[in-house]
Amino acid sequence: MDTWKQSILELITETSTNLPPDVRRAINDAKAKEDSGTRAALSLSTIAQNITMAEDKVSPICQDTGMPTFEIKTPVGVNQLVIKKAIHEAIVEATKTGKLRPNSVDSLTGANSGDNLGPGTPVIHFEQWEEDEVEIKLILKGGGCENKNIQYSLPCELEGLGKAGRDLDGIRKCILHSVYQAQGQGCSAGFIGVGIGGDRTSGYSLAKHQLFRRVDDTNPISELAELEAYIMEKANDLGIGTMGFGGASTLLGCKIGVENRLPASFFVSVAYNCWAFRRQGVRLNPETGEITRYLYKDEPVAMNLDAASEQPAAERREVVLQAPITEEQIRSLKVGDVVIINGMMHTGRDALHKYLMDHDCPVDLQGGVIYHCGPVMLKDEQGEWHVKAAGPTTSIREEPYQGDIIKKFGIRAVIGKGGMGAKTLKALGEHGAVYLNAIGGAAQYYADCIEKVEGVDFMEFGIPEAMWHLRVNGFAAIVTMDAHGNSLHADVEKSSMEKLAQFAEPVFK
Ligand SMILES: O=C(O)C[C@H](O)C(=O)O
Ligand code: SF4
């Protein structure tokens, strides 16, 4: 294999499967802050376990391997076309071997290109520089946290915080609000990159670019260093916590950059990255394409797998359910219960939910379990499918459909992450169903519970959107919306809004 391709394939594999030390340290610190036995501590234990499993198996940390985005610097005279071709070839290879999920979808037809290539995919930015080596940085940022990016145009009025003006204090309010509005849906605890200024496009680029800074660096601009420290402290007071379950750690990093703006515009752009903060970089020999060193790999950091925090709290119930599940079993569940599922579950996300609204389902879903999940799958030589990564996707996208689908097909449990809204909550009560929150990003942890792929329908929707029929054993999730009208998500949203409102007074004059 061509050395350029080989090196880039190694970079992609490393990025997708092995979190860098600075990110690991931030997650370990978050875990140390949570009280043992809480939902947050339990989730962080699962996350830590998942990170370790991904590294050991050289498999994706999260099934959503994101939009591959490369930032490349080359000495004058280096042929950028050679690098671009090698990137394309390496992307195809990484997809074939299950290090990347096929993630490039035609926006008009919905067709998945199958190899992660297509108009606009991958994203590659080239720049020239004075140094002798080539530098390639890569970020794999998934769709769920990308959906939580937000751009503010100052001055504006912010829920809970009031007026945000064109000054440092207005910026402060926007950033706090951005963390609030993400709730747990971008797989908190997260990292944010903030861009102050620019135009709508360059502001977002600047924000995303901040994510290439090391988690533990210090901003060279003193006002921004101060603002970063302030945000880190106060955002964690919002109490949103890991996966939005409540807790002490909501934000793991905040990096702010600034650029000039037009007199008429004042944008604050925020790029939200989940805990599965997959970014890596390499330096390469410009003649041979060989990697000379890694950029985010100092001292290796082992995840804290301390099992103490996994002890269930005395008041927490653990309930084992065998699918198909009865209405009586479901109605006995309450928010906070841990449910262990055995038997069949069926994946379904955006394309399937839309389809099922006015079509029949190829399998019987009475008493069944729907899993909002777009897995990474590989077929072996015998034609059998194997799950390579299978964590939950953000459920709120199915809100327009879910209640109707539950009733139409007799579904008893919906598994996903980030919670759902009032319409689904009402349907859970009326029909007798629950919403179970799995730990977002824990794709190896859940893949391990899947004993067999029993079949698949709707392959025409592409691998992530197809309906996979999975036999599971010991699949653990937390009841966060029950059949009695309770929603942990609604509670956390309400309490975090009350906390946000405490930061309305000016801080930076
Ligand atoms: O597409 C996915 O598998 C998950 C997505 O990144 C999400 O967070 O919802
Ligand atoms: S599922 Fe969560 S961890 Fe994975 S890409 Fe989406 S937001 Fe990130």
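Just so it is clear, the structure is predicted and the values come from calculations on it, not from any experiment. For ligands, and for the atoms within them, numbers begin at 1 and follow the listed sequence.
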Just going by heavy-atom distances, which of Lys417, Arg349, Lys141 is nearest to atom 2 (C) of ligand 1? Arg349
Out of Ala443, Cys274, Gly66, the nearest non-hydrogen contact to atom 3 (S) of ligand 2 is supplied by Cys274
Take a 6.0 Å sphere around NZ of Lys407 and say whether it holds more than 12 heavy atoms from other residues, nucleotides or ligands. yes
Determine whether more than 12 heavy atoms belonging to other residues, nucleotides or ligands lie under 6.0 Å from atom NZ of Lys354. no
Quick one: look up the protein heavy atom nearest [atom] and list residue, atom name and how far away it is.
atom	result
atom 6 (O) of ligand 1	Asp64 OD2, 2.6 Å
atom 1 (O) of ligand 1	Arg101 NH2, 2.9 Å
atom 5 (S) of ligand 2	Arg278 NH2, 3.3 Å
atom 9 (O) of ligand 1	Thr394 OG1, 2.4 Å
atom 2 (Fe) of ligand 2	Cys187 SG, 2.3 Å
atom 4 (C) of ligand 1	Thr393 OG1, 3.1 Å

Any N or O of Gly144 that comes nearer than 3.5 Å to an N or O of ligand 1? yes
Those atoms of ligand 2 less than 4.0 Å from some heavy atom in [X]:
X	value
Lys417	1 (S), 2 (Fe), 7 (S)
Gly186	7 (S)
Asp64	5 (S)

For ligand 1, is Gly143 a contact, meaning one of its heavy atoms is under 4.0 Å away? yes
Does ligand 1 have any atom sitting under 4.0 Å from a heavy atom of Gln185? no
Residues Ser395 and Tyr435: side-chain donor-acceptor under 3.5 angstrom: yes
If we ignore hydrogens and angles and just use 3.5 Å, is the side chain of Asn486 paired with the main-chain N or O of Met481 as donor and acceptor? no
Got a donor-acceptor contact below 3.5 angstrom from the Tyr401 side chain to the Leu356 backbone? no
What part of Arg397, side chain from CB on, backbone N/CA/C/O, both or neither, has a heavy atom under 4.0 Å from ligand 1? side chain
Could you go step by step and tell me if Ile439 and Phe245 meet the side chain to side chain contact (heavy atoms under 4.5 Å, CB included) rule? CA-CA 10 Å; Ile439 309 303; Phe245 292 163; 3.9 Å; yes
Strictly under 2.8 Å, is any N, O or S atom of Cys62 next to atom 4 (Fe) of ligand 2? yes
Does a side-chain heavy-atom distance below 4.5 Å link Glu465 with Asn112? no
Among Asp22, Asp216, Asp217, exactly one meets salt bridge (Lys or Arg N to Asp or Glu O under 4.0 Å) together with Lys255. Which residue is that? Asp217
Give a yes/no verdict on whether any heavy atom in Glu146 is under 4.0 Å from an atom of ligand 2. no
Would you say Gly391 touches ligand 2, if touching means a heavy atom closer than 4.0 Å? no
Is any NZ, NE, NH1 or NH2 atom of the basic residue among Lys499 and Asp237 found under 4.0 Å from an Asp or Glu carboxylate oxygen of the other? no
If you take all heavy atoms of Val369 and Ala323, which pair is closest and at what distance? CG2-CB, 4.0 Å
